> 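Got a structure for you, written out below as structure tokens; questions coming shortly.
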Amino acid sequence: MSSETPLVLLVEDFDDAREMYAEYLEFNGLRVPGAADAVRGLQMADDLQPSIILMDAALPGLSGWDAIKELKANPRTSHIPVLMMTGHVLGDAKERAFAAGAAGFIPKPCLPDELTRQIVATLRKALPSDV
């Protein structure tokens with residue numbers, strides 16, 4: 001990893017899941033602010049300019065699918081890789097995530113080790129010289 005600790009924005013509406021993933025990722029050396037809904041997540045992404053965003057699909061109000069589209073349409077956040085996390089693993093969920101602009105798709109529940117691996121791999125692709 002680079003000398004600056006990556007900032008991982010976690011957008012997840014279930015408090016327990018958000019806290020569990022954040023705690024594990026922080027234990028593995030990442031900084032992890034969280035948002036409980038997509039609207040707050042979009043605002044935080046614009047303000048914080050995270051290294052990567054973990055976006056739940058099923059969020060209250062604005063869905064994760066639509067939030068990714070908004071992130072990719074905003075010049076200030078379009079460069080930030082987004083990993084879609086969802087329990088919606090049947091049907092076209094993966095294709096919808098990639099069509100919205102996600103860099104990856106993580107089915108939930110997800111083991112924290114696998115989540116960390118996906119984050120590191122995505123950061124390496126996005127910033128090969130920094131990670």
Side-chain angles (χ1 to χ4, degrees):
M1 297 262 170
S2 70
S3 58
E4 185 176 323
T5 305
L7 183 69
V8 179
L9 176 58
L10 175 59
V11 184
E12 164 66 62
D13 59 325
F14 287 108
D15 293 341
D16 289 345
R18 191 174 61 250
E19 290 170 16
M20 178 199 61
Y21 287 128
E23 192 172 304
Y24 186 83
L25 294 171
E26 287 167 353
F27 177 79
N28 281 289
L30 300 167
R31 295 177 294 144
V32 189
D37 62 67
V39 173
R40 179 73 180 125
L42 291 170
Q43 185 177 46
M44 290 176 73
D46 195 60
D47 293 344
L48 299 175
Q49 294 292 302
S51 306
I52 191 168
I53 299 169
L54 299 178
M55 179 73 68
D56 186 23
L59 293 165
L62 184 68
S63 75
W65 317 103
D66 291 332
I68 292 174
K69 289 177 187 172
E70 287 195 28
L71 287 164
K72 295 304 171 183
N74 179 345
R76 286 188 38 83
T77 57
S78 62
H79 66 284
I80 302 169
V82 182
L83 296 177
M84 172 68 78
M85 295 176 57
T86 183
H88 301 280
V89 295
L90 301 176
D92 65 347
K94 190 173 189 176
E95 291 78 20
R96 279 183 69 199
F98 288 117
F105 182 84
I106 302 170
K108 289 194 315 188
C110 168
L111 293 174
D113 284 342
E114 178 58 25
L115 182 59
T116 302
R117 274 194 293 278
Q118 292 246 14
I119 290 168
V120 170
T122 303
L123 287 173
R124 281 198 175 119
K125 278 192 253 179
L127 307 165
S129 62
D130 292 348
V131 179

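Since this is a predicted model, take the numbers as computed values, not measurements.
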> Can you tell me how far CG of Leu9 sits from CZ of Arg31, rounded to the nearest 0.5 angstrom?
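Those atoms lie 11.5 Å apart.
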
> If you round to the nearest 0.5 Å, how far is CG of Leu115 from CG of Leu54?
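Rounded to the nearest 0.5 Å, the CG-CG separation comes out at 5.5 Å.
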
> How long is the gap from CD1 on Ile68 to CG on Leu62, to the nearest 0.5 Å?
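One gets 10.5 Å once the value is rounded to the nearest 0.5 Å.
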
> Enumerate the residue pairs fulfilling salt bridge (charged side-chain N to carboxylate O under 4.0 Å, His left out) with a member in residues 86-100, sequence neighbours excluded, ordered by first and then second residue.
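Listed by first then second residue: nothing to list.
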
> Measure the spacing between CD1 of Ile52 and CG of Leu10 and express it to the nearest 0.5 Å.
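Spacing of CD1 (Ile52) from CG (Leu10) equals 11.5 Å.
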
> So Met84 and Phe98, side chain to side chain contact (heavy atoms under 4.5 Å, CB included) or not? Walk me through it.
CA-CA 9 Å; Met84 172 68 78; Phe98 288 117; over 6 Å; no

> Can you tell me how far OG1 of Thr116 sits from CG of Leu111, rounded to the nearest 0.5 angstrom?
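Going from CG on Leu111 over to OG1 on Thr116, the span is 10.5 Å.
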
> Indicate yes or no for a side-chain donor-acceptor contact from Tyr21 to the backbone of Cys110 under 3.5 Å, with no hydrogens or angles considered.
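Side chain of Tyr21 to backbone of Cys110: a pair is present.
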
> Would you indicate whether Glu23, at its atom CD, is surrounded by more than 12 heavy atoms from other residues, nucleotides or ligands within a distance under 6.0 Å?
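Incorrect, the count does not exceed 12.
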
> Within the distance-only criterion (no hydrogens, no angle test), does the side chain of Lys108 pair as donor or acceptor with the backbone N or O of Thr86 below 3.5 angstrom?
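Side chain of Lys108 to backbone of Thr86, a donor-acceptor pair under 3.5 Å: no, none is there.
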
> Examine distances only and state if a side-chain atom of Ser51 and a backbone atom of Val8 form a donor-acceptor pair shorter than 3.5 Å.
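No; zero donor-acceptor contacts below 3.5 Å.
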
> Over all heavy atoms of both residues, which pair between Ala67 and Ala38 is shortest? Give the atoms and the distance, please.
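Minimum heavy-atom contact is CB-CB, 3.7 Å.
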
> Determine whether Gln49 and Thr77 make a side-chain contact, defined as any pair of heavy atoms from C-beta on separated by less than 4.5 Å.
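Yes, close enough: below the 4.5 Å cut-off.
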
> Return the minimal non-hydrogen interatomic distance between Asp13 and Ala58, and the atom names on each side.
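Smallest heavy-atom distance, with atoms named: OD1-O, 3.5 Å.
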
> Where is the tightest heavy-atom contact between Leu123 and Pro6, given as atom of each residue plus distance?
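The pair with the smallest heavy-atom distance is CD1-CB, 3.9 Å.
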
> Can Arg18 and Asp56 be counted as an ion pair, charged N to O under 4.0 angstrom?
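Salt bridge between Arg18 and Asp56, a charged N being under 4.0 Å from a carboxylate O: no.
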
> Determine which pairs satisfy salt bridge (charged side-chain N to carboxylate O under 4.0 Å, His left out) with at least one residue from residues 34-46, sequence neighbours left out, and list them in order.
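Matches after skipping sequence neighbours: Asp46-Arg76.
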
> Just wondering, more than 12 heavy atoms not from Phe27 lying within 6.0 Å of its CZ?
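Count not over threshold, so no.
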
> Give the minimum heavy-atom separation between Ala45 and Pro50, together with the two atoms involved.
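Minimum heavy-atom separation between Ala45 and Pro50: O-CD, 3.5 Å.
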
> When rounded to the nearest 0.5 angstrom, what distance separates CD in Gln43 from CG in Leu48?
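The distance works out to 9.5 Å.
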
> Can you get from Met20 to Ile106 by hopping between Ile, Leu, Val, Met, Phe, Trp and Tyr side chains that sit under 4.5 Å apart?
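Yes, Met20 connects to Ile106 through the hydrophobic network.
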
> Closest approach of Phe105 and Pro107, non-hydrogen atoms and distance?
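Heavy atoms only, the tightest pair is O-CD, 3.8 Å.
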
> Would you confirm whether Lys72, through its side chain, and Ile80, through its main-chain N or O, come within 3.5 Å as a donor-acceptor pair?
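Yes.
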
> How far apart are the closest heavy atoms of Pro81 and Thr122, and which atoms are they?
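That closest heavy-atom pairing would be CB-CG2, 3.7 Å.
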
